[in-house]
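Note that the numbering runs from 1 along the sequence shown for the chain.
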Amino acid sequence: MIILFFLISFLILLSTLGYGLFVTKFLNIKEFNYNYGLVGILGLFTLSIISSYTHLFLPHNFSHNLFVYSVGIVCFIFFKQKKTRELKYISLVFLLIFISIILSKNNEDFGYYHLPNTLQFSEQKIQFGLGNLNHGFKHISSLFMIMSLKYLPPFKYYLFNLTNLLFLVFFITFLLRQIYLRHEKNLNVSNIILSLFLILFLTKFSRLAEYGSDISNQIIISIYFFFILELLYNEKLNLENKISYLKLAFILIVFGFTLKFISIIYSILLLPCLLIIIKKKNILSKLLDLKFISVVTLSTLIFIFFNFASTGCLIYPIEQTCFSNSFNWALNNEVINYLNFHYEAWSKGGIGPGFSVENKEKYVLYLNWVPNWFNVYFVGKFSDYLLVILLIIIVFTFIYYKEIFLVKNKIKIVKRNNFALYLFLIIVFLMWFLNFPTLRYSGYIVVFLLLAFPFSVLVEKKINFSNKQVTKKLTILLFISYSIFLYKNIYRINNELNLSEESHHNFYNFPLYWVENKDFEEVILNNHKLYLTNGKCWNIPSTCVTHTSTLKITKKNNYIFYSKK
């Protein structure tokens, strides 16, 4: 079973690379054809667009998904370079990281809306007003669309977590190849930032079940920041490189906010890049080609459309973008306002498991929430994350103590205004902190960069990645990081294997994750079949509902619309 699980997963990886190679050719991004990490990320982006548009007409069932991945395999065979070691590198990373997908316990939201949403896309074509069925269906992410393509025989929905594994594999491959193979072309500060990212994700984000739609989004933002940094300060880039980097930065931020819309706050980092573009018309004219604009526009429009189809809002839960009075299947204004307020109060520590502040309206105003947020969130989750970052910086400093403090290196660094970029990072942080100060809401990376970026600037004159001794020490550091990754996963798997069959999240379905057996009943409403249950839907067949008393179903042009009576 586990061998078949591995082989199918690897074939999906190759197919995803095929789509990535296709889009690099289509957009004429030559600079990164060698790096299969970035190619894979672009493949996931391409699949998010393909899956979204096909879902308008078809469910993502076995035949649909087998066809999609077969085309990807053909693309890989056709577009891959004849002589390349990149497949060996990414295969090795995949093999080393694969242990993280062997899990029994998923994210706490998995049975609530990750699995039900993805199953809905796998078993049904698009339906309108799904947000009226339960809160889980209101949350739209391109991640669920990509996950629904993993609905394949014989594993069905047990391959859904593979999507997040691919994000991690492609990300680690990108970082390794960029640091070791192209370090001479990168800014020195970029190499240090990439190294710190690699250590962070191997040690802190080692448990795949915690990813949800949050960490995959932060992976994309991490790569995006690398391109922003290079665009602003790397004078080694020629015109062709700059155009490719700009295209990639735009694609990545679009991909990022389709995964988690809150990450749109990072788009402000593009402003200084755009100011440079305006001054150089030759870049602007080549950037605005039809193919590039089409890809970015198609992705943005379909994400907005699916938000609209589910909730009646172009961007849920922003009331100003909603059409509550125009469509009977759209969420009403009261529900949207209530949930928007609820999310804000929750993120600011006013609501949690078993507690709620008395006057939530007053609580969220201005900075009234800060003292309580400090007690219920900063002390514990936020402070623990800060300690992880500081520990990474301390260990990095210890490993490179000689280079930083004892050796007088003469690394030539082009003078640049680092303060300007740091100021933009502070603006992103304030936008995050003042609105939704929870790390899972795209806060991980900006908090990390507020500490890691100035540290990288301070030591970049000391650490020369062209020096073999420097890369040797980095290899040792990465070996330690991977050992932590491996130990945490082995320890987790061992604990899960020791759970009894009566326990939740047991591993009696090894190597497949645990699914709660839910009671449900089949109901017919307006000649349409539904499956009624209480609480979370888990793997109940679509369409899963938690109530029918106030539900109304209509059918127009062979499309289903759910509305409230």
Side-chain angles (χ1 to χ4, degrees), residues 12-33 35-55 60 65 68-69 71-72 75-76 79 90 118 121 140-150 162-175 178 211 213-228 244-261 263-264 266-267 270 287 289 291-306 442:
I12 291 173
L13 177 140
L14 294 181
S15 179
T16 306
L17 287 172
Y19 283 107
L21 289 169
F22 166 77
V23 82
T24 56
K25 298 287 184 183
F26 181 74
L27 296 177
N28 196 30
I29 302 175
K30 299 176 182 178
E31 172 69 8
F32 285 94
N33 278 352
N35 191 326
Y36 272 15
L38 185 64
V39 168
I41 293 292
L42 292 175
L44 290 170
F45 173 71
T46 306
L47 285 171
S48 74
I49 298 175
I50 292 170
S51 61
S52 297
Y53 280 93
T54 59
H55 184 61
H60 293 165
N65 295 344
V68 168
Y69 285 119
V71 172
C75 287
F76 178 76
F79 290 113
I90 201 165
T118 311
F121 301 148
I140 298 298
S141 170
S142 58
L143 180 74
F144 304 147
M145 283 295 176
I146 306 171
M147 285 170 65
S148 68
L149 295 177
K150 310 296 185 295
L162 178 61
T163 302
N164 278 325
L165 178 72
L166 293 180
F167 270 101
L168 184 59
V169 169
F170 293 144
F171 182 50
I172 290 174
T173 304
F174 170 77
L175 295 176
Q178 202 62 30
Y211 275 38
S213 58
D214 307 307
I215 307 305
S216 55
N217 154 267
Q218 297 292 269
I219 283 173
I220 298 301
I221 297 302
S222 302
I223 303 174
Y224 165 77
F225 182 77
F226 163 76
F227 286 112
I228 293 295
S244 293
Y245 279 41
L246 276 167
K247 286 179 178 179
L248 289 166
F250 273 102
I251 287 172
L252 289 167
I253 193 62
V254 168
F255 193 18
F257 74 67
T258 65
L259 289 164
K260 196 92 172 179
F261 183 72
S263 64
I264 198 171
Y266 289 91
S267 62
L270 276 171
L287 177 68
D289 67 86
K291 291 179 180 178
F292 169 69
I293 293 173
S294 298
V295 168
V296 172
T297 303
L298 285 172
S299 179
T300 305
L301 288 180
I302 198 64
F303 171 72
I304 292 172
F305 179 76
F306 275 106
S442 286

query: Are any non-hydrogen side-chain atoms of Q218 and Y211 less than 4.5 angstrom apart?
result: no
- prompt: How many angstroms lie between CD1 in I253 and CZ in F225, if you round to the nearest 0.5 Å?
  reply: 12.5 Å
field: L21 backbone acceptor or donor facing K25 side chain under 3.5 Å
entry: no
message: Does I223 form a side-chain contact (heavy atoms from CB on, under 4.5 Å) with L38? I'd like the steps, not just the answer.
response: CA-CA 9 Å; I223 303 174; L38 185 64; 4.2 Å; yes
- request: Identify the two heavy atoms, one from H60 and one from T54, that lie closest to each other, and give their separation to 0.1 Å.
  value: NE2-OG1, 3.1 Å
- request: Supply the atom-to-atom distance S213 OG to I146 CD1, rounded to the nearest 0.5 angstrom.
  value: 11.5 Å
task: Kindly indicate whether the side chain of L175, heavy atoms from C-beta on, has any atom under 4.5 Å from the side chain of Q178.
output: no
query: Do you know the tightest heavy-atom contact between N217 and S263?
result: ND2-OG, 3.0 Å
task: First locate atom CD1 of I251, then atom CD1 of I220, and finally report the distance between them rounded to the nearest 0.5 Å.
output: 11.0 Å
task: Could you go through the side-chain contact (heavy atoms from CB on, under 4.5 Å) check for Y53 and M145 one step at a time?
output: CA-CA 10 Å; Y53 280 93; M145 283 295 176; over 6 Å; no
query: If we only count heavy atoms from C-beta on, is the F227 to K247 side-chain gap below 4.5 Å?
result: no
field: Approximate separation, where rounding is to 0.5 Å, of S141 OG and D214 CG
entry: 9.0 Å
message: Counting C-beta onward and ignoring hydrogens, is there a side-chain heavy-atom pair between I302 and L298 closer than 4.5 Å?
response: no
field: Shortest non-hydrogen separation from I228 to A249 and the atoms involved
entry: CD1-CB, 4.5 Å
task: Would you please test I41 and L252 for side-chain contact (heavy atoms from CB on, under 4.5 Å) and show each step?
output: CA-CA 9 Å; I41 293 292; L252 289 167; 3.9 Å; yes
query: If only atom types and distance count, is the side chain of T297 paired as donor or acceptor with the main-chain N or O of S294 below 3.5 Å?
result: no
message: Does the plane of the ring in F250 sit parallel, tilted or perpendicular to the ring in F292? Use 30° and 60° as the thresholds.
response: perpendicular
query: Is N164 reaching over with its side chain to a backbone N or O of S216, donor-acceptor style, under 3.5 angstrom?
result: no
Nearest-0.5 Å distance, CD1 of residue I49 to CZ of residue F303: 13.5 Å
message: Quick check on side-chain contact (heavy atoms from CB on, under 4.5 Å): which of L149, T163, L166 does L47 satisfy it with?
response: L149
- prompt: Please walk me through it: do L42 and L248 pass side-chain contact (heavy atoms from CB on, under 4.5 Å)?
  reply: CA-CA 9 Å; L42 292 175; L248 289 166; 3.9 Å; yes
field: Residues forming a ring pair (Phe, Tyr, Trp, His ring centres under 6.0 Å) with F121, sequence neighbours excluded
entry: H55
query: Mind checking whether F261 and F257 have parallel, tilted or perpendicular rings, split at 30° and 60°?
result: perpendicular
Donor-acceptor under 3.5 Å (T258 side chain, F255 main chain): yes
- request: Verify whether one side chain among S48 and S142 offers a donor that lies under 3.5 Å from an acceptor in the other.
  value: no
Under 3.5 Å donor-acceptor pairs involving side-chain atoms of residues 167-174, not counting sequence neighbours:
{"from": "T173", "atom 1": "OG1", "to": "V169", "atom 2": "O", "distance (Å)": "2.7"}

- request: Output the distance between atom SG (C75) and atom CG (L14), rounded to the nearest 0.5 Å.
  value: 12.5 Å
- prompt: Does the Y19 side chain pair with the main chain of V68, one donor and one acceptor, at a distance under 3.5 Å?
  reply: yes
query: Are F26 and V295 side-chain neighbours, meaning at least one heavy-atom pair lies under 4.5 Å?
result: yes
